[in-house]
*Asks:* 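Take this structure first; my questions come after.
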Amino acid sequence: LRLDDVDKRLSQFLAEMKRRYGDVYLDLHAVNPQGRVVASSDPGHIGRSLPVRSPWLGADLPGGAVQLEAPQARADGAHRLLIRSPVNSEFTDGRIGDLVLEVDWQQIERLLDRAATPTRQVLVVDHEGRVAVASAGLRARSILPGRDASSWLPADPAQALETRDGRPLLDTTAIVGYDRSRGFERFPGFGWTYLLLQSRDEALAPVHRMAWIFAGLMAAIAGGVILASLWVAGVIARPIMALTEFTRRYPEPGARLDVPSPSRGPGEIGELNRSFAHMVEELQRSQATLSQASRLAALGEVTALLAHEVRTPLGVLRSSVQMLQGESGLSAEGGELLRIIDSETQRLNRLVSSLLDSARTRSPQRSPQDLHALIRHAATLLAAQARDRGILIRQRCEASQPVVDCDAEQITQVLLNLLMNAVQILPRGGQIEVATRDAAGRLVIELADDGPGIPAAERASVFEPFVFKREGGIGLGLAVVRQIVRSHGGDVQADASPLGGALFRVWLPRGALSE
């Protein structure tokens with residue numbers, strides 16, 4: 001530099017430095033004190049004049065002071081920033097030239113352009129409040145380096161964010177974010193301020209979308225909660241309302257005893273409904289038993305009166321007939337009439353005895369009994385009568401636990417009454433089937449036949465006293481059956497038989513129930 005001599009090694013050094021730094025530098029020059037290029041990374045610049053301009057920025061670095069000149073356009077259209085570093089003599093005092101670095105300022109602009117969008121722009125303001133570099137959208141609005149931008153700096157240096165009118169930088173209200181240069185390592189920086197200008201509508205668009213999404217979710221959740229609440233309320237309220245209606249309707253005068261029980265519900269509601277329905281069933285059973293007991297009690301009084309008022313004259317009649325039959329000279333027609341009177345007297349006596357037997361009721365004397373053995377015993381007692389009428393009695397005892405706590409005499413009477421009714425109503429060649437099966441805590445006895453059956457509308461009434469379908473019956477057998485079974489804690493019902501006739505289903509608890 002001192003000799004103003006072009007040294008190829010210096011030019012090669014500068015070219016190598018440019019290559020190592022990639023696209024950071026446009027060119028590197030060695031300039032003499034007169035401003036002429038004596039060595040360059042581009043030999044085409046050697047000999048050209050590169051006068052010193054007024055410095056824009058300066059920095060004292062560990063290796064010496066540097067000066068930056070404001071960005072300017074080159075002849076080829078590229079924007080450059082010149083950085084000058086003085087070269088001092090090693091032998092004498094004073095400067096012998098400068099090392100000049102042409103920085104590609106458009107790289108800085110491209111960095112800002114990549115961070116910018118049509119609604120978001122980036123601006124760098126120097127320590128004097130002038131534009132240092134701006135993104136493409138701002139450059140298109142003539143926001144170029146050197147333009148005064150101090151009005152865009154925050155009043156409080158510590159402020160990091162504010163909302164303000166975006167004009168002339170943006171056409172809408174903008175949210176402006178600020179950040180200050182913090183330097184690098186031992187370089188304190190130039191005190192520049194970086195501004196990020198974002199359209200408020202665009203910036204808040206994600207928040208608005210999230211708000212709408214949140215509102216939609218809240219609406220969906222609210223709708224789901226309302227539907228779930230209505231469903232839960234319905235699940236809880238319907239059984240309560242049904243129970244209320246049931247309790248209101250049940251005690252009304254003339255109310256039917258077969259009122260349908262309220263629907264079940266969840267948890268305690270369901271348990272309450274089940275308990276109430278069970279209580280009503282037991283109450284109905286007790287009412288029916290009490291009603292039948294009262295009828296049978298009245299029947300007992302009637303039969304006692306009949307026994308006293310009818311049996312005495314019947315005995316007198318029969319004795320008189322027997323005496324008259326011993327008289328000599330009795331005509332054939334008179335003898336026939338006496339036989340008719342004797343026969344009818346006996347029939348009336350049997351009818352009174354039947355009434356007395358039906359009216360006599362007592363509490364069951366329970367003990368463990370094998371129901372299968374009682375069924376076989378009852379079938380044996382009626383075997384001769386069934387054989388005479390050509391009726392087949394089959395037994396299908398399938399219950400695995402046939403032992404029941406019951407009164408053997410009364411249950412045998414139940415079986416005999418049911419079998420007798422079937423034998424007397426079936427035509428010759430009929431068949432009867434007696435079956436048993438297990439149920440939950442119960443033993444079920446089913447007696448089926450292939451006779452005429454019982455119409456569905458009449459099945460509930462056949463157990464009432466003095467209701468009969470057989471010629472010559474008095475309608476007390478089934479009433480006695482129901483009273484005995486219910487006194488054991490069970491029940492009996494009439495149904496249609498798979499054989500085509502009637503079916504009587506009796507169930508008894510396996511253990512004794514509290515009276």
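As the structure is a prediction and not an experimental result, all values here were calculated from the model.
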*Asks:* For Asp449 and Ala502, indicate whether the former's side chain and the latter's backbone hold a donor-acceptor pair under 3.5 Å.
*Replies:*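 Pair found, side chain donor or acceptor close to backbone of Ala502.
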*Asks:* Looking at residues at least two apart in the chain, or sitting in another chain, which of them share a side-chain contact (heavy atoms from CB on, under 4.5 Å) with Arg437?
*Replies:*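 Arg437: side-chain contact (heavy atoms from CB on, under 4.5 Å) contacts with Val444, Glu446, Arg505.
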*Asks:* Would you say the side-chain atoms of Asp98 pair up with the backbone N or O of Val100, donor to acceptor, closer than 3.5 Å?
*Replies:*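 No; judged by distance alone, with no hydrogens or angles, the pair does not exist.
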*Asks:* Taking salt bridge (Lys or Arg N to Asp or Glu O under 4.0 Å) as the test, write out the residues that go with Arg53, two or more places apart.
*Replies:*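 Testing Arg53 for salt bridge (Lys or Arg N to Asp or Glu O under 4.0 Å), a comparison that skips the adjacent residues, returns none.
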*Asks:* Establish, from distance only, whether the side-chain atoms of Ser199 and Asp201 form a donor-acceptor pair under 3.5 Å.
*Replies:*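 No.
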*Asks:* Sequence neighbours excluded and cut-off under 3.5 Å, please list the side-chain donor-acceptor pairs for residues 120-133, or say none.
*Replies:*
unit_1 : atom_1 : unit_2 : atom_2 : d
Arg120 : NE     : Ala115 : O      : 3.1
Arg120 : NH2    : Ala115 : O      : 3.3
Gln121 : OE1    : Ser135 : OG     : 2.5
Gln121 : OE1    : Gly137 : N      : 3.3
Gln121 : NE2    : Thr117 : O      : 2.9
Asp126 : OD1    : Glu128 : N      : 2.9
Asp126 : OD1    : Gly129 : N      : 3.0
Asp126 : OD1    : Arg130 : N      : 2.8
Asp126 : OD2    : Trp56  : NE1    : 3.2
Glu128 : OE1    : Arg130 : NE     : 2.9
Glu128 : OE1    : Arg130 : NH2    : 2.2

*Asks:* Could you work out, with salt bridge (Lys or Arg N to Asp or Glu O under 4.0 Å) as the rule, every residue matching Asp27, not counting sequence neighbours?
*Replies:*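 Salt bridge (Lys or Arg N to Asp or Glu O under 4.0 Å) check on Asp27 returns Lys18, Arg74.
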*Asks:* Suppose we screen for side-chain hydrogen bond (donor to acceptor under 3.5 Å, both in side chains). Which residues come up paired with Glu433, at least two apart in sequence or across chains?
*Replies:*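 side-chain hydrogen bond (donor to acceptor under 3.5 Å, both in side chains) check on Glu433 returns Arg394, Arg396.
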*Asks:* Suppose we screen for side-chain hydrogen bond (donor to acceptor under 3.5 Å, both in side chains). Which residues come up paired with Asp438, at least two apart in sequence or across chains?
*Replies:*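 Listed in chain order: Ser400, Arg510.
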*Asks:* Please list, chain by chain and in numerical order, all residues satisfying salt bridge (Lys or Arg N to Asp or Glu O under 4.0 Å) with Asp42, sequence neighbours excluded.
*Replies:*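 Expected list: none.
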*Asks:* Hey, could you give me each pair passing side-chain hydrogen bond (donor to acceptor under 3.5 Å, both in side chains) that has a residue in residues 203-226? Not counting sequence neighbours.
*Replies:*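 Every candidate side-chain hydrogen bond (donor to acceptor under 3.5 Å, both in side chains) pair involving residues 203-226 fails, so no pair, neighbours aside, qualifies.
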*Asks:* Report yes or no: does Ser40 contribute a side-chain atom to a donor-acceptor pair with the main-chain N or O of Ile46 at less than 3.5 Å?
*Replies:*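 Here the side-chain-to-backbone pair does not exist.
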*Asks:* Test of understanding: with side-chain hydrogen bond (donor to acceptor under 3.5 Å, both in side chains), list the residues that count as partners of Ser497, not counting sequence neighbours.
*Replies:*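 Applying side-chain hydrogen bond (donor to acceptor under 3.5 Å, both in side chains) to Ser497 gives none.
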*Asks:* If only atom types and distance count, is the side chain of Asp370 paired as donor or acceptor with the main-chain N or O of Val403 below 3.5 Å?
*Replies:*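 Pair absent, no side-chain N/O of Asp370 close to backbone of Val403.
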*Asks:* With no hydrogens and no angle check, is any side-chain donor or acceptor of Asp450 less than 3.5 Å from a backbone partner on Gln431?
*Replies:*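 Present.
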*Asks:* I'd like to check the side-chain hydrogen bond (donor to acceptor under 3.5 Å, both in side chains) partners of Thr173; sequence neighbours left out, ordered by chain and number.
*Replies:*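 Testing Thr173 for side-chain hydrogen bond (donor to acceptor under 3.5 Å, both in side chains), a comparison that skips the adjacent residues, returns none.
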*Asks:* Please check if atom CZ in Phe190 has more than 12 non-hydrogen atoms from other residues, nucleotides or ligands closer than 6.0 Å.
*Replies:*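 Check passes, neighbour count above 12.
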*Asks:* Among all residues two or more places apart in sequence or in another chain, which pass the salt bridge (Lys or Arg N to Asp or Glu O under 4.0 Å) test with Arg19?
*Replies:*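 Arg19 satisfies salt bridge (Lys or Arg N to Asp or Glu O under 4.0 Å) with Glu16 once adjacent residues are dropped.
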*Asks:* Do Ile375 and Gln395 have side-chain heavy atoms sitting under 4.5 Å apart?
*Replies:*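 Yes, side chains in contact.
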*Asks:* Go through the steps to decide whether Arg48 and His29 satisfy the test side chain to side chain contact (heavy atoms under 4.5 Å, CB included), and finish with yes or no.
*Replies:* CA-CA 10 Å; Arg48 291 184 180 180; His29 311 292; over 6 Å; no
*Asks:* Run Leu57 and Trp192 through side chain to side chain contact (heavy atoms under 4.5 Å, CB included) and show every step you take.
*Replies:* CA-CA 11 Å; Leu57 297 168; Trp192 289 0; 3.3 Å; yes
*Asks:* Does Trp105 have Arg80 sitting over its ring (NZ/CZ under 6.0 Å from centre, angle to axis within 45°)?
*Replies:*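 So Arg80 doesn't make the cation-pi contact.
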*Asks:* Assess whether a salt bridge exists between Asp495 and Arg459, defined as any Lys/Arg side-chain N lying under 4.0 Å from an Asp/Glu carboxylate O.
*Replies:*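 Judged by the 4.0 Å cut-off on N to carboxylate O distance, Asp495 and Arg459 do form a salt bridge.
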*Asks:* Identify each donor-acceptor pair in which a side-chain atom of residues 228-237 lies under 3.5 Å from a protein atom, sequence neighbours left out, and give them as a table.
*Replies:*
unit_1 : atom_1 : unit_2 : atom_2 : d
Ser229 : OG     : Val225 : O      : 2.6

